Amino acid sequence: MTIRTRYAPSPTGYLHIGGAWMAFFNWLFARSHAGAFVLRVEDTDRSRSSEEYERAIFEDFRWLSIDWEEGPDVGGDYGPYRQTERMALYRASADELLTRGAAYRCFCTPQELEAERIRAQAEKRPYRYSGRCRHLTADQRAAFEREGRRPTIRLRLHDHGETIVVNDLVRGRVEFDPEHLDDYIIVRSDGSPLYNFANVVDDHAMAITHVIRGIEHLSNTPKQWVMYRALGWTPPEVAHLSNILGTDKKKLSKRTGDTAVRDYRREGFLPEALLNFFALMAWYPEENREIYSVPELVARFRVEDLGKASPVFDMDKLTWMNGVYMRTLLERDPGRVVEVCLPALREAGLLDGAPTEAQRAYIRRVIDVLGERLKVGRDIVAYGDFFFKDTVEYELEAARRYLSEPGIVEVLSALRERVAGAATLDPAGAESLVRTLAEERGLQAREIVHPTRVALTGKTAGPGLFELMALLGKDQVTRRLAAAVEYIHRTVGS
RNA sequence: GGCCCCAUCGUCUAGCCUGGCCCAGGACAUGGCCCUCUCAAGGCCAAGACACGGGUUCAAAUCCCGUUGGGGCUACCA
């Protein structure tokens, strides 16, 4: 039997980190068994769904290099892959359930139901639907219809059913007493299917064999199992994973960090780092090892090894891991590092649109100079914005500390002259200029280095001074040195 | 309220099924030192956890029961 897994996003927003995480495990499972991964769009909530989000979600998956063999965009033998296009299927299954007597029409209004619920609550009884529409006569039904009531369809749970067992691949055997379940609605009065129903019909029709989904669905599982049984179908294997939490230990939300995959892309995270990190939020393939390529993850994946607890999304660790990937990329594929920095550069207004060849080459050199300081694409802005500006903005603290002594003017001026007089400015040349100047003045090299760095970059932290001078070039260096001198005169006052 | 799931360093987790090798291992973060023009990276070191209470056992992080704390379901949401 071919292993088939799926992920079923609702196109009501951008791909969420939690969703991508869940999808990734379904994908890993399929890939590790040479199976198929299918994308099914759950767009029954028409008012909130949009095609634009659907496209965006696909795009984010592609960026992550999570691919699918079947889906709305690529088709497949089990289509269509949008729930709104599968209405006939749900109708057929509903009819089947009705004729088998496993489901019945319920004419209760939402108001009546609400009243029942409130009554139960007042009497401190657990609420369950009374089942009063179970045995309506033809006359009663006709009367309701004459009143204009539009019925819903409810699944009939067995009155004295036996314990429902869910064999969860990660949690083990979980038992449910049907006593606590009630006849639940599977088709709305407007004829549209509800989640628990559409889901079962789709998973079966699409021959899904394994479902890895959120823990919130565990309690739904027994209800679904009853439906599988009523239809004579075999349910898929299931595994329920806990949800990712934010640092506040609450469900991941905007408050504690970005929640959309898109945000991470924009900030310059690498998809392979994100995926590696995703894996570690549920399992460690080997002891004492954190870095795994996607193929390695595929080779080692076992659902049973997935963790049961809710992981907290640790930005610090993701950032560290991204840095690890950036460093190897710096050696093997610097072009990609350039690519990853582009969005942040644009957002900071340091780059307009697509870079020209010259711009790309320049960014490439900036990246070389920045080196392992680049953990995330956006770091290029934090550490190297001055490479892309003509005037330097001094950080307050930096200027106060290194550009406040009047004596420094002389040093910076002297350095400016020597730079101007140099034939060319390469790192070694810059270094000897600074060091000989220091020697002549009886200064420590650092006494020149620090003020110069602030003069050229505005910051106290950043790339090596000599490399940075070489990249900036004679022109910029002399100009910035002069500007710093002027700044000191202006602020120290004279 | 009822039902279900979960619980090892601040965080991700290894170990738990098949008790002893665990006075609990690794990683991120934190602190210190080294390297060094700053920052980063790197190296070394440190601090840091079996939620609690009962059992079972010669022996429990590991098995059982309970408590507490989180989370979920209990919708004509997904």
Side-chain angles (χ1 to χ4, degrees), chain A residues 8-10 12 42 44-45 48 83 106 108-110 113-114 117 120-121 124-128 150-154 166 168 170-172 174-177 179-182 184-196 198-199 214-223 240 242-243 245 247 249-251 277 280-284 286-291 304 307-321 323-324 327 370-375 379 382-383 398 402 431 434-435 438 444-450 452-454 457 459-466 468:
Chain A
S10 293
T12 54
E42 306 213 330
T44 46
D45 187 345
R48 292 194 302 147
Q83 288 192 327
C106 170
C108 298
T109 63
L113 262 15
E114 185 57 22
R117 205 166 300 142
Q121 207 163 30
K124 293 198 187 292
R125 255 183 312 112
Y127 170 75
R128 292 173 59 203
R150 300 258 55 108
T152 60
I153 299 176
R154 284 182 187 267
V166 174
D168 188 292
V170 333
R171 273 155 225 280
V174 184
E175 298 185 352
F176 295 88
D177 184 344
E179 179 67 23
H180 304 288
L181 269 28
D182 66 354
Y184 69 103
I185 297 175
I186 59 174
V187 176
R188 293 186 183 89
S189 46
D190 70 0
S192 62
L194 259 64
Y195 168 77
N196 275 313
N199 210 257
I215 187 72
E216 64 272 21
H217 295 299
L218 181 56
S219 301
N220 283 323
T221 311
K223 299 186 198 171
H240 293 91
S242 295
N243 292 114
L245 268 26
T247 33
K249 294 278 194 174
K250 300 245 169 57
K251 211 164 165 176
F277 178 70
L280 263 39
M281 271 198 293
W283 116 97
Y284 272 58
E286 289 171 27
E287 227 176 304
N288 307 344
R289 180 176 168 199
E290 351 280 323
I291 304 299
E304 310 84 71
K308 300 193 252 268
S310 321
V312 170
F313 192 89
D314 185 355
M315 269 303 278
D316 285 334
K317 189 155 186 172
L318 202 216
T319 304
W320 162 78
M321 184 169 281
V324 172
R327 265 167 258 142
L370 251 23
E372 54 227 3
R373 271 159 279 250
L374 281 177
K375 292 204 263 223
D379 288 342
Y383 290 115
Y402 293 110
E431 176 155 15
V434 171
R435 290 204 189 276
Q444 295 281 324
R446 58 165 59 94
E447 291 177 86
I448 298 181
V449 167
H450 294 311
T452 305
R453 168 180 288 101
V454 175
T457 74
K459 307 172 201 295
T460 54
L465 179 68
F466 312 126
L468 153 187

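Quick note on labels: first sequence line is chain A, next is B, and so on, each numbered from 1. Model, not experiment: these values are computed from the prediction.
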Using atom [atom1] of each nucleotide, how far apart are [N] and [M] to the nearest Å?
N: B:G26; M: B:C9; atom1: P; value: 16 Å
N: B:C6; M: B:C64; atom1: P; value: 12 Å
N: B:G32; M: B:A41; atom1: P; value: 15 Å
N: B:C4; M: B:G20; atom1: C1'; value: 35 Å

Under 4.0 Å between any heavy atoms, over every strand shown, what does [X] touch: base, sugar-phosphate, or nothing? Just pick one.
X: A:R327; answer: sugar-phosphate
X: A:E175; answer: sugar-phosphate
X: A:K124; answer: nothing

| message | For RNA chain B, please output the secondary structure as dot-bracket, reading 5' to 3'. Pairs are Watson-Crick or G-U wobble, both atom distances under 3.5 Å; mark crossing pairs with [ ], other-strand partners with |, unpaired with a dot. | response | (((((((..((((......[....)))).(((((.......)))))....(((((..]....))))))))))))....
| Nucleotide B:G10, atom C1' - distance to CE of A:M315 in whole Å |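 Computing the A:M315:CE to B:G10:C1' distance gives 17 Å.
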| request: Return yes when atom CD of A:Q121 has more than 12 non-hydrogen atoms of other residues, nucleotides or ligands closer than 6.0 Å, and no otherwise. | output: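 Check fails, neighbour count at 12 or below.
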| CZ (A:R117) with more than 12 external heavy atoms under 6.0 Å |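 Enclosed.
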Base contacts versus sugar-phosphate-only contacts with protein, heavy atoms under 4.0 Å: please encode [range] as B, S and - from 5' to 3'.
range: nucleotides 71-78 of chain B; result: -BSSSBSB
range: nucleotides 44-52 of chain B; result: ---------
range: nucleotides 17-38 of chain B; result: --------SBBBS-------BB

| message | Taking the six-membered ring of A:Y383 as reference, does the cationic atom of A:R373 (NZ for Lys, CZ for Arg) lie under 6.0 Å from its centre and within 45° of its axis? | response |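 That pair does not qualify as a cation-pi contact.
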| query | Closer to the 5' end of RNA chain B via nearest nucleotide, is it A:E372 or A:M281? | reply |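 In this pair, the answer is A:M281.
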| Which residues satisfy the side-chain contact (heavy atoms from CB on, under 4.5 Å) test with A:V187, sequence neighbours excluded? |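 So A:V187 forms a side-chain contact (heavy atoms from CB on, under 4.5 Å) with A:A94, A:I153, A:F197.
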| field | Those residues that, when tested against A:T319, pass side-chain contact (heavy atoms from CB on, under 4.5 Å) (two or more places apart) | value |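 By the side-chain contact (heavy atoms from CB on, under 4.5 Å) rule, A:T319 matches A:F269, A:M315, A:K375, A:V376.
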| request: Go through the steps for A:F313 and A:T247 under the test side-chain contact (heavy atoms from CB on, under 4.5 Å), then give the verdict. | output: CA-CA 7 Å; A:F313 192 89; A:T247 33; over 6 Å; no
| Does the pair A:R171 and A:L218 meet the rule for a side-chain contact (heavy atoms from CB on, under 4.5 Å), with working shown? | CA-CA 10 Å; A:R171 273 155 225 280; A:L218 181 56; 4.1 Å; yes
| field | Donor-acceptor pair between A:T457 and A:R453 side chains, under 3.5 angstrom | value |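 A:R453 and A:T457 do not have a side-chain donor-acceptor pair below 3.5 Å.
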